[in-house]
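Counting starts at 1 for both ligands and their atoms, following the listed order.
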Amino acid sequence: MCEEKQWNSTQLRRYDLELEQIPRLYYTDPKVDELISLNKPVVITGSNIIKTAKANWTPEYLEQNIGNAGHTVMLSKTHKFKYFDESKVLNKNNPHGIEFTPPTRKTKMKIGEFMRKLREWKPGNDRLYLQQPLNNTIGDLLVRDFINFDWEYINNKQSKHNWGPLTSNLILISQEGNVTPCHYDEQQNFFGQAYGYKRCILFPPSDFECLYPHPVYHPHDRQSMVDFDKPDYTRFPRFKFAKGYETVVEPGDVLYIPIYWWHHIESLMRGGPTISVNFWYKVGPTSLEYPLKDHQKVSITRNVEKMLLEVLQDPKEVGPLLRSMVLGRYT
Ligand SMILES: CC1(C)c2ccccc2-c2ccc(C[C@@H](CC(=O)O)C(=O)C(=O)O)cc21
Ligand SMILES: [Zn+2]
C-alpha cells in the first residue's frame, strides 16, 4: 500500500545543492550489506532495530521515563547547532587555543523544563537541542526499550563489517527546524529515527576539497566552513561541485552514516520535536591497503596537520609553512 507522506517539501530548507536520493532498502535486502561493505550510505527500513523506540518514544513518554538526572541541552541563537571542541578554545590553561566565539551554549536541564521551554518557544528565544547518552541515569522503561532493540541484527552488522566496539548511544531530542551543520565523525554510525522526521544530506569523504573543513586544531575541527544558508563562493569556490545525497528519515528508519562521510541533519520545519538514537562504533586501526580509500586520505591529512601543530606549537604558523611547502612547488 502507498503510505501517504507525513511531510511536504516546504518543510525542507532550501540549499544551492544538487542532491541524489540515498537508497531506501528493506532490512532483509542483501544490497544493504553490499552498500555497508562499500562504506556507502543506506536507509534500512522495516527492521526491528529500534522498534521499541518507534513504538514508545514520544515526547510525553520520554518526559515520563528519561529519568530525573538532568540532561545536556545546547542553546543556540540561530537554527544552527555547530559543534565545537571546548578543549581547542583559547582559555587560561590552553595558551595554544584559538580565539573563538562559541555559536552555542551548553546548559543542564531537567526534562520537564526542556519540554516546557519547547512548548513555550517564541521566535527570538534561544533554540534548544537535548542530548542524553544511554546510561544508568535513564528510567527503567527506556532501559527495557533499549534492551529490546534488535541487537542480533545490529551485532551481526557490526561483526560482518569489522566495526570496532559500540562506543555510545546518544538520545537526541531536537526542536523543529534545528540544523546540525555539515560535519564528519571518525566513527561508523547507525542513526535511528524514533519520532518525527529529519532530512539528512550526506557527502562522500572525497568531497573533502569541496567542503573546506576547519583546520584540525580549530574548535570546529571536522565541521565544514561553508554556511549552507549563504555559501561564500569567493572563499569556497569548489562548494558548487559538492555532490550530495539526501533522504528524509521517518520513525523506525535507520540511516547508515559511514565513517568520515559528511552529514548535515535538520529536523523538519513545522514538524514538531524529533527524537533520534544513534549508535557510534570506533573502528580498529586499519592497515593501509593500496590504492588508499578516500577516507584514509582524509585521515592522513589530519595526521599531517596534527604533526605540524605539534612541532610548530603555534597554530598561526601551520598555514604559512604549508603554503611555502606547496605553492609554486606542488601547484
Ligand atoms: C548538535 C548536537 C546536539 C551536539 C551539540 C554539541 C555536541 C555534540 C552534539 C551532537 C552529536 C550528535 C548529534 C546527532 C546527529 C546530528 C543530528 O541528528 O542533529 C549526528 O551528527 C550524528 O549522529 O553523528 C547531534 C549533536
Ligand atoms: Zn555527526
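Listed by number with element, the atoms of ligand 1 under 4.0 angstrom from any heavy atom of Tyr83 are 6 (C), 7 (C), 8 (C). Shown in contact with His183 at under 4.0 Å from a heavy atom are these atoms of ligand 1, numbered in order with element: 21 (O). Distances below 4.0 Å separate heavy atoms of Asn278 from the following atoms of ligand 1: 22 (C), 23 (O). Every atom of ligand 1 is numbered from 1 in the order shown, and the set under 4.0 Å from a heavy atom of Lys198 is 17 (C), 18 (O), 19 (O).
Remark: Lys110 fails to qualify as a cation-pi partner of Phe114 under the 6.0 Å distance and 45° angle criteria applied to the six-membered ring. Cation-pi geometry between Lys243 and Tyr245 is met: under 6.0 angstrom from the ring centre, within 45 degrees of the axis.
Among Glu246, His264, Gln11, the single residue meeting the side-chain hydrogen bond (donor to acceptor under 3.5 Å, both in side chains) criterion with Arg199 is Glu246. Applying the ring pair (Phe, Tyr, Trp, His ring centres under 6.0 Å) test between Phe228 and each of Phe239, Phe236, Tyr212 identifies Phe239 as the sole match.
The Zn ion (ligand 2) sits nearest to atom OD2 when only the N, O or S atoms of Asp185 are considered.
Note that NZ of Lys40 and CG of Leu38 are 5.5 Å apart. Values are rounded to the nearest 0.5 Å.
Among Asn189, Thr274, Thr180, the residue whose heavy atom sits closest to atom 16 (C) of ligand 1 is Thr180. Scanning Ile257, Asp185, Leu172 for the heavy atom closest to atom 13 (C) of ligand 1 points to Leu172. For atom 11 (C) of ligand 1, the choice among Trp280, Phe81, Tyr129 with the nearest heavy atom turns out to be Trp280. Selection from Met74, Gln131, His263, Lys106 by nearest heavy atom to atom 4 (C) of ligand 1 gives Gln131.
Nearest heavy-atom pair, Met325 versus Tyr330, reported as atom, atom and distance to 0.1 Å: O-CD1, 3.6 Å.
The nearest protein atom to atom 15 (C) of ligand 1, hydrogens excluded, is given as Phe191 CE1, 3.9 Å; this is a heavy-atom distance.
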Between Trp163 and Tyr281, does the ring-ring contact (aromatic ring centres under 6.0 Å, His included) criterion hold? Intermediate values first, please. CA-CA 6 Å; Trp163 294 353; Tyr281 296 85; 4.9 Å; yes
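Ligand 1 lies nowhere less than 4.0 angstrom from a heavy atom belonging to Glu266.
For ligand 1, the polar-atom distance check finds no N/O of Ser276 at less than 3.5 Å from any of the ligand's N/O atoms.
Side-chain atoms of Ile259 and Tyr184, non-hydrogen and from C-beta on, never get closer than 4.5 Å to each other.
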